[in-house]
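Shown next, in structure tokens, is the structure this report addresses.
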Amino acid sequence: MDEKKLPTQEEDFSEWYNQLVLRAELADYSPVRGCMVVRPYGWALWENIQKALDKRFKATGHVNAAFPLLIPQSFMTKEKEHVEGFAPELAVVTHGGGKELEEPLVVRPTSETIIGTMYSKWIQSYRDLPVLINQWANVVRWEMRTKLFLRTLEFYWQEGHTAHATEQEAVEETERMLNVYADFAINEAAVPVLAGQKSESEKFAGAKATYSIEAMMGDTKALQAGTSHFLGQNFAEAFDIKFLDENNQLQYCWTTSWGVSTRFIGAIIMTHGDDQGLILPPNLAPYQVVIVPIYRKDEEKAAVMEVVDRVASGLEAVDVRVKVDERDGLTPGFKFNDWEMKGVPLRIEIGPKDVEKGSIALARRDILGKSGKSFIPLEGYVQAVGDMLDEIQANMLAKATKFRDEHIFEVTDYESLKDVVENKGWAVGWWFDDAENEAKIKEDTRATLRNFAPAEGEGICFYSGKKTNKRAYFAKGY
RNA sequence: CGGGGUGUAGCGCAGUCGGCUAGCGCGCUGCGUUUGGGACGCAGAGGUCGACGGUUCGAGUCCGCCCACCCCGACCA
């Protein structure tokens with residue numbers, strides 16, 4: 001095996017992913033099976049995701065708080081569907097301080113129960129509503145098969161939990177946050193997503209309705225990249241979250257919850273990455289620009305570094321995230337490959353020839369080779385680099401959107417659905433909503449109903465032949 | 001939990017029929033020459049051969065049991 005190169009996506013997409021995560025230094029395996037260590041470069045990416053989302057949460061009126069990691073086991077059993085959904089994947093703490101606990105504690109797999117408990121205490125009146133809280137946290141779900149970022153025993157996420165006076169408000173909140181996620185995915189991560197409602201069988205344990213954003217990965221499999229749940233009054237009833245309305249009537253609240261996790265990093269990797277490594281969208285990349293200095297002798301080094309420092313500080317002054325690769329003893333060629341593996345959107349090369357000519361060389365990560373390379377005069381480089389980053393961001397979205405659209409196929413009968421999900425990508429078609437039929441398709445093809453698609457008018461279900469006003473996407477998923 | 005596979009240096013691996021001092025590549029350290037697409041030379045450091053038990057004059061190698069991890073299925077943000 002050539003250790004310098006990744007396996008290609010073509011020959012083994014899964015192995016390409018595994019090795020890329022390790023070699024780009026995003027994450028590493030932990031001593032505990034199924035857990036992951038997020039390395040500084042991966043965490044920096046997560047921090048940028050956090051910033052972009054958090055800004056949107058604040059802009060829509062939410063505030064952050066922190067709820068505890070440990071939850072009394074009994075809390076988990078209060079909402080019937082919630083227990084059933086999560087029972088198989090709970091980690092339970094039975095001992096503390098050297099003694100067996102009277103009541104075991106579960107490590108949160110999500111926080112509806114503990115937050116619901118607190119909300120019942122905090123909410124008395126319609127004047128207390130709505131409550132719009134988010135928390136950034138880690139959660140634990142005991143998964144059987146794990147994969148870095150996509151499915152690990154412990155993962156990091158944000159979970160928003162809101163309580164409202166009316167059903168309509170809660171439904172609006174659910175949709176608002178779904179749109180926030182879609183906006184974030186498209187405009188920050190350059191990951192085109194399809195937002196829609198999940199089917200009954202795919203919805204969150206305890207929810208009335210679940211919505212998701214679905215992204216297409218480079219192997220055409222689907223990845224649920226974010227979810228938003230309308231919880232109705234299920235949790236309000238289970239946790240006694242009540243308020244007095246304007247008419248002095250006691251009512252249950254309507255609640256929602258919504259989350260995006262470190263899994264989203266997997267979505268970025270598999271949406272944009274190529275055989276050379278990661279390709280990160282400029283808006284989220286830990287380093288937007290890397291500068292590789294080139295020189296032979298010490299005199300050259302001094303002259304080159306003078307320009308390098310000037311270029312770097314000029315960019316930093318307008319908040320471009322810049323890394324100067326000053327590592328000694330590595331050839332420029334090695335550094336080019338190294339930063340390509342790490343997905344830095346734009347590379348600037350500065351050598352003696354550039355110093356002499358008063359220019360710098362730009363190489364964009366989204367277009368490899370000569371066609372992605374350009375030489376610009378030092379004069380006005382700040383503007384040029386900024387424009388280039390914008391262009392890369394836009395190009396990445398356009399490319400990913402084109403790829404996705406080319407791999408979605410309209411189906412009108414079951415045979416063509418089978419062919420599409422097996423060989424081509426995603427299928428979309430008229431679907432008469434029926435859980436049994438959905439299960440049969442899943443069993444037959446291993447493809448699942450990802451979410452419902454926008455539909456106008458009526459059509460004939462590709463499976464049952466029944467008249468329906470719904471359309472749905474089907475695909476194999478992660 | 002079912003099926004398959006692998007455990008030898010930080011990583012990837014070789015180690016023949018049981019044989020004496022366990023090797024190779026990458027990486028790592030030092031020095032020198034290099035540096036515009038994955039540099040080279042020289043000198044070094046680094047090992048409870050997954051664990052336990054057995055067979056044997058002798059076990060990385062054969063036998064037994066255990067453990068861990070990976071891949072494929074059932075479940076999943």
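The structure presented is a predicted model; accordingly, all values stated were derived computationally and were not measured. Naming convention: chains lettered A, B, ... in sequence-line order (proteins, then strands); numbering from 1 in each chain.
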Could you tell me the Watson-Crick or G-U partner of [N], where both distances fall under 3.5 Å? Say none if there is no partner.
| N | answer |
| --- | --- |
| G12(B) | C24(B) |
| G2(B) | C72(B) |
| C40(B) | G32(B) |

Report yes if the side chains of Arg310(A) and Leu378(A) come closer than 4.5 Å at any heavy-atom pair, otherwise no.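 Contact flag for Arg310(A)/Leu378(A) side chains = yes.
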When you compare [N] with [M], how far apart are their [atom1] atoms, in angstrom units rounded to a whole number?
| N | M | atom1 | answer |
| --- | --- | --- | --- |
| C31(B) | C20(B) | P | 38 Å |
| C63(B) | G27(B) | C1' | 37 Å |
| G47(B) | G15(B) | C1' | 15 Å |
| U55(B) | G64(B) | P | 15 Å |
| U16(B) | A22(B) | C1' | 15 Å |
| G54(B) | G18(B) | C1' | 15 Å |
| U8(B) | G2(B) | P | 25 Å |
| U34(B) | G50(B) | C1' | 43 Å |

How do Gly259(A) and Gly34(A) order along RNA chain B: which one's closest nucleotide is nearer the 5' end?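 Closer to the 5' end of RNA chain B: Gly34(A).
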If you pin Thr152(A) and Arg446(A) to their nearest nucleotides in RNA chain B, which one's is more 5'?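 The answer here is Arg446(A).
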Nearest-Å distance, [atom1] ([X]) to [atom2] ([N])?
| X | N | atom1 | atom2 | result |
| --- | --- | --- | --- | --- |
| Met144(A) | C70(B) | CE | C1' | 16 Å |
| Glu89(A) | A77(B) | CD | P | 8 Å |
| Tyr29(A) | G10(B) | OH | C1' | 17 Å |
| Met36(A) | A77(B) | CE | P | 16 Å |
| Glu15(A) | C70(B) | CD | P | 12 Å |
| Leu153(A) | A77(B) | CG | P | 15 Å |
| Asn18(A) | C11(B) | CG | P | 17 Å |
| Gln19(A) | C70(B) | CD | P | 15 Å |

For a quick test of reading the model: is some side-chain N or O of Arg145(A) closer than 4.0 Å to OP1 or OP2 of C70(B)?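 The answer is no; no side-chain N or O of Arg145(A) sits under 4.0 Å from OP1 or OP2.
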What nitrogen or oxygen pairs link the protein and nucleotides 34-41 of chain B at under 3.5 Å?
residue, atom, partner, partner atom, Å
U35(B), OP1, Arg296(A), NH1, 2.9
U35(B), O4, Arg296(A), O, 3.4
G36(B), O6, Gly351(A), O, 3.4
G36(B), O6, Pro352(A), N, 3.2
G36(B), O6, Lys353(A), N, 2.8
G36(B), O6, Asp354(A), N, 3.4
G36(B), O6, Asp354(A), OD2, 3.2
G36(B), N1, Asp354(A), OD2, 2.4
G36(B), N2, Glu349(A), OE1, 3.2
G36(B), N2, Asp354(A), OD2, 3.3
G37(B), O6, Arg347(A), NH2, 2.6
G37(B), N1, Glu340(A), OE1, 3.4
G37(B), N1, Glu340(A), OE2, 2.7
G37(B), N2, Asn337(A), OD1, 3.0
G37(B), N2, Glu340(A), OE1, 2.5
G37(B), N2, Glu340(A), OE2, 3.4
G38(B), O4', Asn337(A), ND2, 3.1
G38(B), O2', Lys4(A), NZ, 2.6
G38(B), O6, Lys4(A), O, 2.5
G38(B), N1, Lys4(A), O, 3.3
A39(B), OP2, Thr331(A), OG1, 2.4

Are Trp43(A) and Tyr41(A) an aromatic pair by the rule of ring centers under 6.0 Å?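 So the answer is no for these two rings.
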Tell me whether the ring of Phe155(A) lies stacked over the A77(B) base, given a 5.5 Å limit on centroids and a 30° limit on the plane angle.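 Yes, aromatic ring over the base.
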Anything under 30° is parallel, anything over 60° is perpendicular, the rest tilted; go ahead and classify Tyr287(A) against Trp339(A).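 Ring orientation, 0 to 90° scale: perpendicular.
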From OG1 (Thr117(A)) to NZ (Lys78(A)), nearest 0.5 Å: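 Spacing of OG1 (Thr117(A)) from NZ (Lys78(A)) equals 5.0 Å.
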Check this for me: Asp298(A), atom CG, are more than 12 non-hydrogen atoms of other residues, nucleotides or ligands nearer than 6.0 Å?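 No, CG of Asp298(A) has 12 or fewer neighbouring heavy atoms, counting only those of other groups under 6.0 Å.
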Flag yes if more than 12 heavy atoms outside Lys208(A) fall under 6.0 Å of its NZ atom; otherwise flag no.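 Count not over threshold, so no.
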Glu202(A)/Arg450(A) salt bridge by N-O under 4.0 Å criterion: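 Here Arg450(A) does not pair with Glu202(A) in a salt bridge, since their nearest N and O are not under 4.0 Å apart.
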Taking the six-membered ring of Tyr478(A) as reference, does the cationic atom of Lys221(A) (NZ for Lys, CZ for Arg) lie under 6.0 Å from its centre and within 45° of its axis?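 Yes, cation above the ring, under 6.0 Å and within 45°.
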